[in-house]
Amino acid sequence: VSPRRALLVLAACALLVAAAAGAGFSGAFFRDTDSTPQSVSADTPDRWLHVSGGVLTAASPLPEGASAIKVTVKYGQLSTDAGTTDVVATLSPGETRALSVDAGHDAALLRIDLPDGSLFHEVVPAP
Amino acid sequence: MTNRRIQWLAVAAAALCVAVVGVGFSGASFRAAHSADAKVSTAGVAVQVFTPASRAAGARTAAGSVLIPGDDLRPGGPARETIVDLHNGGDTPALLTLGLSGLPQDGKGLDLLKALELSVESCGVSRTCTSHASLYDGAPASMGDVALPGTVDDGEHRYVRVRLSWPADNDDDALYGAAATFSLDWAATSS
């Protein structure tokens, strides 16, 4: 072994010792993790339509200045238009209409699409 | 120094190097780890996760248990929540953190995790969470590691309330039927 190689070995050892000491005494070893799995899923519209239970009534005041708007039922369904999730009413600006929603045992959500693309929500609580 | 002495010094240093590196990187004497089916704990810290139900039953909430029922969520629907009981089962004080891992990188699952809201509250030593401080409030997809305040001595408990909800304003037809899975990683690090 030449002196030059010996010095290189010494330098490499010094680096390894420093790294090992850093890892061994850094505290990183004193760590414990317990993982618990979590799942989430969104309900699907066909399961949101319920026809049993009591009939709820919700008044949906419309914003001033709105022109004709569309009212759709996102989940739950209008008792007067069973089965439809399309447009169920066309309202004039400022008009308020009582909508009967048969939501079964679940809450219902009315969604009103405004002409400017924004949305107006009203949550109808479960009976 | 003569060449021969330098050579002997190199040989001795190499032997010392092998010994130190072997000890330094072994980790065997300092590491504690949990998995779904096994627990290896020799020293240091050990975090144990309970829910109120599992605590009452005297059983640790093993990895594999879902803490919050997150199925069939609806925009504007009621929040799902649970109070998690964290126990420092090691023999040294520890700092506790909560992180998420395994989130989907794209697709509807990720979109759903951007629409949902995850709330993490520190309840301190209150098992019923009568007093609490907010640690995180936002989309699960955006949450980084959340540190619980203070140090937990060995044998002590801390309580965290985790709530999952779907704000009505984040309603989106495209999310109907979407699903995602991820992990809640409860970690204890020696202080």
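In the text below, chain A, chain B and the rest are named by the order of the sequence lines, each starting its count at 1. Keep in mind it's a predicted model, so treat the numbers as computed, not measured.
Contacts with chain A were tallied for Ser183(B), Ala179(B), Ala188(B); Ala188(B) has the most, counting heavy-atom pairs under 4.5 Å.
At distances below 3.5 Å, at least one donor-acceptor pair connects side-chain atoms of Ser41(A) with backbone N or O atoms of Asp72(B). With hydrogens and angles ignored, the 3.5 Å screen pairs no side-chain donor or acceptor of Asp34(A) with any backbone N or O of Gln48(B). Side chain of Gln38(A) to main chain of Ile68(B): a donor-acceptor pair is present (N/O by atom type, distance under 3.5 Å, no hydrogens or angles).
Within the 4.5 angstrom heavy-atom criterion, no atom of Leu95(B) approaches chain A. Only the side chain of Leu116(B) comes within contact range of chain A, with heavy atoms under 4.5 Å apart. With a threshold of 4.5 angstrom between heavy atoms, Leu184(B) approaches chain A through its backbone and through its side chain. Leu86(B) does not touch chain A: none of its heavy atoms, backbone or side chain, sits under 4.5 Å away.
Residue Asp32(A) comes nearest to Val47(B) through the heavy atom pair OD2-N, 2.8 Å, listed as atom of the first residue, atom of the second, then distance. Residues Thr181(B) and Ser39(A) come closest through the heavy atom pair CG2-CB, 3.9 Å.
When the heavy atoms of residues 134-151 of chain B are compared with those of chain A, none of the residues falls under 4.5 Å.
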Could you check Thr36(A) against Val66(B) for side-chain contact (heavy atoms from CB on, under 4.5 Å), going step by step and ending with a plain yes or no? CA-CA 6 Å; Thr36(A) 54; Val66(B) 174; over 6 Å; no

Under the side chain to side chain donor-acceptor pair (under 3.5 Å) criterion, do Thr33(A) and Asp185(B) qualify, and how do the steps go? CA-CA 6 Å; Thr33(A) 301; Asp185(B) 299 327; over 6 Å; no

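The ring pair (Phe, Tyr, Trp, His ring centres under 6.0 Å) analysis of residues 99-125 of chain B, with sequence neighbours excluded, yields no pairs.
Cluster annotation: Leu110(B) is not connected to Leu73(B) through the hydrophobic network of ILVMFWY side chains, with a link wherever side-chain heavy atoms come within less than 4.5 Å.
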